[in-house]
Amino acid sequence: MADTLSDRIHDVIASIPTGRVATYGQIAAMAGNPRAARAVVWVLRHSERLPWHRVINSRGTISLPPGDGFELQRALLLDEGVSVTPDGRVDLTRFLWNATGGN
DNA sequence: GGCGTGACGTCAG
DNA sequence: ACTGACGCCACGC
């Protein structure tokens with residue numbers, strides 16, 4: 001039962017479609033707490049089977065520091081068709097996951 | 001029940 | 001647009 005925030009957050013992240021990205025705040029909001037972005041981080045840090053590379057911050061940039069997953073995340077997104085600049089910036093207007101838009 | 005950890009978010013300068 | 005400072009929440013010990 002997903003009666004804890006972590007479980008719901010986990011489920012939300014697992015629902016992110018390929019070729020799309022979601023922000024921490026968005027995930028937290030969908031899980032029930034718009035301000036629980038930090039909780040999303042905790043889940044990602046403690047989960048191994050999640051599309052963590054599809055999770056980025058509200059600026060639309062990769063949060064991971066270079067050398068610690070940055071390149072991997074960028075490569076995975078590029079492989080899914082998401083345009084990522086060398087700086088790690090993603091165009092949210094084009095790739096942000098629109099879960100309610102039916103898209 | 002308090003403290004530290006964690007890939008954040010928002011505002012002000 | 002970028003950086004720094006403060007606030008936010010959940011989990012393990």
Side-chain angles (χ1 to χ4, degrees):
Chain A
M1 294 290 290
D3 52 341
T4 62
L5 261 251
S6 327
D7 289 330
R8 276 190 307 227
I9 291 171
H10 187 288
D11 186 57
V12 171
I13 298 173
S15 300
I16 304 175
T18 304
R20 282 278 142 61
V21 297
T23 67
Y24 297 88
Q26 179 185 7
I27 294 168
M30 291 175 68
N33 286 4
R35 308 212 162 122
R38 312 296 305 267
V40 177
V41 175
W42 189 93
V43 173
L44 287 170
R45 285 271 52 183
H46 285 259
S47 297
E48 298 289 336
R49 327 261 180 199
L50 289 176
W52 56 270
H53 56 275
R54 297 188 191 136
V55 184
I56 58 180
N57 58 40
S58 62
R59 294 181 194 172
T61 63
I62 295 175
S63 300
L64 291 165
D68 189 36
F70 177 90
E71 290 188 14
L72 177 60
Q73 179 165 20
R74 180 166 173 274
L76 289 169
L77 289 175
L78 288 173
D79 188 58
E80 293 184 351
V82 178
S83 298
V84 186
T85 69
D87 295 352
R89 305 204 291 194
V90 178
D91 187 348
L92 293 180
T93 65
R94 286 170 48 189
F95 301 106
L96 181 63
W97 177 31
N98 187 4
T100 56
N103 179 3

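Letters A, B, ... mirror the listed sequences (proteins, then strands); counts begin at 1. The figures here come from the full heavy-atom set of this structure, side chains too, leaving out hydrogens, waters and symmetry mates.
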Under the criterion side chain to side chain contact (heavy atoms under 4.5 Å, CB included), which of Asp91(A), Thr23(A), Val90(A) is the partner of Leu96(A)?
Thr23(A)
Which comes earlier along DNA chain C counting from the 5' end, the contact point of Trp42(A) or that of Arg38(A), where each point is its nearest nucleotide?
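Upstream on the strand: Arg38(A).
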Pick the P atom in dC8(C) and in dA12(B), then give their distance to the nearest Å.
15 Å
Can you tell me how far C1' in dA7(B) sits from the matching atom in dC13(C), rounded to whole Å?
23 Å
Neighbours of DNA chain C within residues 83-95 of chain A, by heavy-atom distance under 4.0 Å:
Arg89(A)
Which helical stems does DNA chain B take part in, if a stem means at least 3 consecutive Watson-Crick or G-U pairs with both distances below 3.5 Å?
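Stems found: B:2-6 with C:9-13, B:8-13 with C:2-7.
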Residue pair [X] / [Y], side-chain heavy-atom distance below 4.5 Å:
X	Y	value
Trp42(A)	Ile9(A)	no
Asp7(A)	Asp11(A)	no
Trp52(A)	Leu76(A)	yes
Pro51(A)	Ile13(A)	yes
Pro17(A)	Arg54(A)	no
Leu50(A)	Val55(A)	no
Ile56(A)	Gln73(A)	yes

How many Å lie between [atom1] on [X] and [atom2] on [N], as a whole number?
X	N	atom1	atom2	result
Arg59(A)	dA1(C)	CZ	C1'	10 Å
Ile27(A)	dA7(B)	CD1	P	15 Å
Arg8(A)	dC11(C)	CZ	C1'	15 Å
Leu5(A)	dA10(C)	CG	C1'	7 Å
Ile13(A)	dC8(B)	CD1	C1'	13 Å
Ile56(A)	dG6(B)	CD1	P	22 Å
Gln26(A)	dC9(C)	CD	P	20 Å
Glu71(A)	dA7(B)	CD	C1'	16 Å

Is there a donor-acceptor pair under 3.5 Å between the side chain of Arg94(A) and the backbone N or O of Val82(A)?
no
Are any side-chain N or O atoms of Asn33(A) and backbone N or O atoms of Arg35(A), one a donor and one an acceptor, separated by less than 3.5 Å?
no
What does Val40(A) touch in the nucleic acid at a heavy-atom separation under 4.0 angstrom: a base, only the sugar-phosphate, or nothing?
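Nothing: the residue Val40(A), judged by heavy atoms under 4.0 Å, touches no strand.
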Which part of the nucleic acid does Ala37(A) contact within heavy-atom distance under 4.0 Å: base, sugar-phosphate only, or nothing?
sugar-phosphate
Check every atom of [options] against the side chain of [X] and return the nucleotide holding the closest atom.
X	options	answer
Ala36(A)	dC9(C), dA7(B), dG9(B)	dC9(C)
Thr23(A)	dA10(C), dG9(B), dG6(B)	dG9(B)
Tyr24(A)	dG9(B), dT3(C), dC9(C)	dG9(B)

When you measure from the side-chain N and O atoms of [X] to the phosphate of [N], is any distance below 4.0 Å, counting only OP1 and OP2?
X	N	result
Ser6(A)	dC11(C)	yes
Ser58(A)	dT10(B)	yes
Asn33(A)	dA10(C)	yes

